[in-house]
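Counting starts at 1 for both ligands and their atoms, following the listed order.
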Amino acid sequence: MMEWTDRHCRFFHRLLTRRALIYTEMITTGAVIHGDRARLLGYDPAEHPVALQLGGSEPAKLAECAGIAADLGYDEVNLNVGCPSDRVQEGRFGACLMAEPALVGDCVAAMKAKVKMPVTVKCRIGIDDQDPEPALDALTAAVEQAGVDALIVHARKAWLDGLSPRENRDIPPLDYDRVYRLKAAHPRLPIVLNGGIVELEQAAAHLGRVDGIMMGRAAYQEPWRLLAVDPDLFGEAPPFASPKTAAEALIPYIEREIARGARLHAITRHILGLFRGVPGARAFRRHLAMEAVKPGAGVAALRAALALVPDVGAPAAHTAAA
Ligand SMILES: Cc1cc2nc3c(=O)[nH]c(=O)nc-3n(C[C@H](O)[C@H](O)[C@H](O)COP(=O)(O)O)c2cc1C
């Protein structure tokens, strides 16, 4: 998610779940090819498994970027066919590609020819006045034919004309049944459902109908939920017993990053929702938001903020308090 899932965020999320696949922000092919690669594509080995999401629509450039991603050791490369922003439409990629399934197929085929790792696509169920039945069928047929390894479907349309990107994440209604029908029609193609999933119970219910689920805003805004992913969805022990112990485990990373020139706030901004619903959460957030932006702020500010919240055990404590 742009501006959100940078490498600091991903490192933190990986402390909360060992099993979930983590995605980068969308990075355009132009930025990958001409930009500061270390800054845009650098990641910590602890983030694995991590997928690089690309924005673009030129098969040769996407193939080149997929090759770069493979050289850097990414675990998956994903093509964005869902982002509705104007900037993206001008570049003729993102959600407007829903209207060009053959081109998306060519993009996937070019990437598949270049790399051995999984190549996936993230799309909407349709755009503007498209009928989601044929529109999603056409896109799916094109990418399946090209050998796509999985299709992630944000289960609502994008209205490119008239809605802002933010409105496009809420206003077009969710249509999970459309995605279930897609799965039923493509039993061999892994289909991942995205959109509006907050509780892991919801996720578990969807998993009876599709192969995977993707969480966006709930994972970012209330990252404590991720601590339940390994136990609830994978039947494995959580990496940490509580959100507080997970936050403490971030301290050595912060010290390392600050020594390399990072600002404290650039890291701690991603953990502000960690205690949402728990007594002391507001004080934690306020302390960190005010102190971490100060010049020279270090881990002492995080330690002081953590002293304001109790070490509540299971994530269930949040649900109870929320
Ligand atoms: C701040 C923000 C940035 C986003 N950036 C991206 C992006 O770079 N690539 C993408 O595929 N989706 C992006 N999204 C959309 C989410 O991945 C997701 O599809 C959408 O929020 C619906 O899922 P959710 O209800 O679980 O959040 C972004 C969403 C937000 C809130």
**Q** Could you label the plane-to-plane angle of the His270 and Tyr220 rings as parallel, tilted or perpendicular, counting under 30° as parallel and over 60° as perpendicular?
**A** perpendicular

**Q** Check Asp71 with Arg37, please: is the shortest side-chain N to carboxylate O separation under 4.0 Å?
**A** no

**Q** What residues sit with at least one heavy atom under 4.0 Å from ligand 1?
**A** Met1, Met2, Trp4, Met26, Gln53, Asn80, Lys122, His154, Arg169, Asn194, Gly195, Gly196, Met215, Gly216, Arg217

**Q** Salt-bridge test for Glu199 and Arg225: reply yes if a basic N is under 4.0 Å from a carboxylate O, no otherwise.
**A** yes

**Q** Got a salt bridge between Asp175 and Lys157, using NZ or NE/NH1/NH2 to carboxylate O under 4.0 Å?
**A** no

**Q** Residues in salt bridge (charged side-chain N to carboxylate O under 4.0 Å, His left out) with Asp131, at least two apart?
**A** none

**Q** Test ring-ring contact (aromatic ring centres under 6.0 Å, His included) on Tyr43 and Tyr74; report intermediate values, then the result.
**A** CA-CA 9 Å; Tyr43 66 92; Tyr74 277 95; 4.6 Å; yes

